[in-house]
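Step one of this worksheet: look at the structure below.
Because the structure is predicted, anything quoted here is derived from the model rather than measured.
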Amino acid sequence: MTFQEIKAHDQAHIMNTYGRSDACIVTGKGALCKDTEGKEYIDFTSGIGVNSLGFCDEDWVKAVSAQASTLQHISNLYYTLPDVELADTLCARTGYAKVFFGNSGAEANEGAIKVARKYSFDTYGAGRDKIVTLVNSFHGRTVTTLAATGQDVFHTFFFPFTEGFVYAKAGSMEDLKAACDGSVCALMLEFIQGEGGVVPLDPEYVKEAAAFCKENDILLIADEVQTGIGRTGTLLASEQFGVFPDITTLAKGLGGGLPIGAVMVSEKLSNVMGASSHGSTFGGNPVVCAGANTVLKKLDDTMLKSVLEKGETIRAALSGCKNVASITGLGMMIGIELKEGTSAEVRAACMEKGLLVLTAKAKVRLLPPLTISDEELEKGLEILKIVLDA
């Protein structure tokens with residue numbers, strides 16, 4: 001089919017929930033991809049932070065293909081090796097005691113919410129079930145994770161939303177303490193509010209909030225769906241904020257391009273969930289876990305160091321551009337505040353010139369593959385600088 005035919009079929013039969021760009025991507029390798037017309041793009045999006053190893057990494061493809069030709073699925077009624085290997089690696093590298101695998105970030109956050117509420121019920125009984133989230137946060141698009149999201153714009157249409165969430169201003173301990181009235185079991189936060197505009201939390205606030213939670217046996221849940229798996233230059237962003245949350249959720253970059261979500265819990269919570277208290281038909285799928293195992297094998301200290309270095313390269317290259325007011329984020333999770341114009345206009349101009357970028361509210365958002373080559377990075381930055389200096 002031609003691009004116009006593909007577009008017509010899409011609009012005819014797929015729910016119109018996405019504002020798609022005017023291109024159909026058909027192939028990709030590394031940080032480069034091509035559309036149906038043969039136009040090449042440098043990818044600074046990683047499929048919204050998913051393709052941590054870029055397009056079609058050879059080791060990842062080999063592992064996924066080998067597993068798909070051996071055992072593609074059997075369900076969690078039986079043991080399988082790939083998910084056991086993935087769990088072993090995650091727990092060893094993060095210090096968490098146990099992990100539950102699902103299929104997405106929203107599912108992971110729902111799982112974390114269930115763990116927190118069950119722990120509180122088991123320990124204190126009914127009535128201590130509220131979860132505090134931060135204003136400007138984003139935690140997913142299910143009815144419950146929309147309720148957890150601290151942005152009014154998402155609290156429309158789909159009434160009634162799940163009860164049990166209260167919101168506190170990010171950075172305000174006074175607001176947090178006021179929200180914790182004895183009915184609260186957990187605080188859920190993102191170290192960098194990604195969809196909220198790539199807004200990092202203040203490290204001192206995070207440490208003070210974590211200490212307050214520990215003193216009051218309020219669980220700290222870290223949503224690392226976007227910041228985790230090396231995106232900020234450490235395996236988990238929590239390492240750079242000096243805290244160890246009771247629960248950390250992962251997704252996006254963990255699978256390297258296949259759907260996965262993970263809920264990691266500390267020793268304190270390791271036995272909260274029992275048989276039938278939670279589940280997922282596809283969770284821990286052998287093919288997906290084979291891909292995730294490859295991602296973690298490649299995400300060693302050398303690669304993490306390179307993420308920090310490339311992040312600094314990006315900041316240095318763009319900081320002097322005429323239309324850049326500020327740059328936020330950590331590692332290769334970057335937000336660019338503009339002096340004038342809109343992030344959507346910059347995104348469109350970049351695409352026209354062969355560069356794919358993202359937006360996050362008023363900011364241009366960059367999430368390049370962690371493995372992007374110096375040559376690909378330099379070429380993409382040259383396009384971005386042209387657009388930002390126009």
Side-chain angles (χ1 to χ4, degrees), residues 14-20 47-50 75-76 99-121 129-168 170 184-197 219-229 245-255 257-265 269 272-273 276-285 288 292 358 360-361:
I14 295 179
M15 286 189 185
N16 186 27
T17 60
Y18 302 106
R20 298 199 199 276
I48 317 182
V50 169
S75 92
N76 288 299
V99 60
F100 173 87
F101 294 120
N103 308 290
S104 69
E107 285 186 44
N109 287 337
E110 291 244 5
I113 290 165
K114 288 178 69 174
V115 171
R117 286 179 171 164
K118 187 169 187 300
Y119 166 78
S120 190
F121 184 89
D129 50 27
K130 290 181 182 176
I131 294 176
V132 177
T133 65
L134 300 183
V135 173
N136 198 49
S137 62
F138 181 84
H139 297 294
R141 291 186 180 275
T142 64
V143 170
T144 295
T145 53
L146 280 175
T149 293
Q151 298 185 55
D152 287 341
V153 68
F154 289 104
H155 302 155
T156 56
F157 307 123
F158 309 113
F159 304 104
F161 288 96
T162 306
E163 297 178 350
F165 296 95
V166 291
Y167 314 105
V184 169
C185 66
L187 165 65
M188 176 184 276
L189 54 76
E190 307 156 277
F191 295 110
I192 303 175
Q193 295 180 328
E195 300 296 329
L219 299 181
L220 179 61
I221 304 172
D223 176 348
E224 292 229 36
V225 167
Q226 192 165 149
T227 58
I229 310 301
D246 299 286
I247 306 171
T248 289
T249 60
L250 300 171
K252 288 189 180 290
L254 178 59
L258 291 174
I260 191 170
V263 185
M264 301 190 297
V265 300
L269 305 174
V272 168
M273 304 300 271
S276 298
S277 60
H278 198 43
S280 170
T281 297
F282 294 102
N285 173 269
V288 177
L358 297 162
K361 290 192 170 180

Quiz item: How about Leu250 and Ile260: do any of their side-chain heavy atoms sit closer than 4.5 Å?
Solution: no
Practice problem: State the CG-CG distance between Asn76 and Asn285, to the nearest 0.5 angstrom. | Solution: 9.5 Å
Quiz item: Should we say atom CZ of Phe282 is surrounded by more than 12 heavy atoms from elsewhere, each under 6.0 Å from it?
Solution: no
Exercise. With the side chain counted from C-beta on, respond yes when His278 and Phe100 share a heavy-atom pair under 4.5 Å apart, and no when they do not.
Key: yes
Quiz prompt | Phe159 atom CZ, over 12 foreign heavy atoms within 6.0 Å | solution = yes
Quiz item: Short question: side chain of Lys114, backbone of Ser277 - any donor-acceptor pair under 3.5 Å?
Solution: yes
Quiz item: Looking at residues at least two apart in the chain, or sitting in another chain, which of them share a salt bridge (charged side-chain N to carboxylate O under 4.0 Å, His left out) with Arg20?
Solution: Asp10
Quiz item: Atom CG of Asp223 and atom CD of Gln193: how far apart are they, to the nearest 0.5 Å?
Solution: 10.5 Å
Quiz prompt | Least distance between heavy atoms, Gly284 atom then Phe101 atom | solution = N-CB, 3.5 Å
Exercise. Can you see which heavy atom on Pro245 is nearest to which on Ala222, and at what distance?
Key: CG-CB, 3.5 Å
Exercise. Could you pull out all residues at least two apart from Thr142 that satisfy side-chain contact (heavy atoms from CB on, under 4.5 Å)?
Key: Ala106, Glu110, Thr144, Thr145
Self-check item: Test salt bridge (charged side-chain N to carboxylate O under 4.0 Å, His left out) applied to Lys118 - qualifying residues, sequence neighbours left out
Solution: Asp122
Quiz item: Excluding sequence neighbours, so at least two apart, what forms side-chain contact (heavy atoms from CB on, under 4.5 Å) with Val135?
Solution: Tyr167
Exercise. Taking all non-hydrogen atoms of both residues into account, name the closest pair between Ala262 and Val99 and its distance.
Key: CB-CG2, 3.9 Å
Practice problem: Verify, without hydrogens or angle tests, whether Asp129 (side chain) and Gly164 (backbone) share a donor-acceptor contact under 3.5 angstrom. | Solution: no
Quiz prompt | Results of ring pair (Phe, Tyr, Trp, His ring centres under 6.0 Å) for Phe138 - residues two or more places apart only | solution = Phe154
Self-check item: Straight-line distance of Cys185 SG to Ile221 CD1, nearest 0.5 Å
Solution: 7.0 Å
Quiz item: Do you know the tightest heavy-atom contact between Asn109 and Met188?
Solution: O-CE, 4.0 Å
Quiz item: Under 4.5 Å between any side-chain heavy atoms of Ser75 and Thr281, yes or no?
Solution: no
Quiz item: Which atom pair, heavy atoms only, marks the closest approach of Ser104 to Ala251?
Solution: C-CB, 3.8 Å
Exercise. Can you tell me which residue pairs pass the side-chain hydrogen bond (donor to acceptor under 3.5 Å, both in side chains) test with a partner in residues 150-159, sequence neighbours excluded?
Key: Gln151-Lys361
Quiz item: Out of His139, Glu224, Gln226, which one pairs with Glu190 under the side chain to side chain contact (heavy atoms under 4.5 Å, CB included) rule?
Solution: His139
Quiz prompt | Val265 side chain reached by Val272 side chain, heavy atoms, under 4.5 Å | solution = no
Quiz item: About how many Å separate CG of Leu220 and OG1 of Thr248, when rounded to the nearest 0.5 Å?
Solution: 8.0 Å
Quiz item: Which value, rounded to the nearest 0.5 Å, describes the distance between Leu269 atom CG and Asp246 atom CG?
Solution: 5.5 Å
Quiz item: For Thr149, does its backbone N or O pair with a side-chain atom of Thr133 as donor and acceptor, under 3.5 Å?
Solution: no
Quiz prompt | Which atom of Ser280 lies closest to which atom of Gly283, heavy atoms considered | solution = OG-N, 2.9 Å
Practice problem: To the nearest 0.5 Å, tell me how far Leu134 CG sits from Leu189 CG. | Solution: 5.5 Å
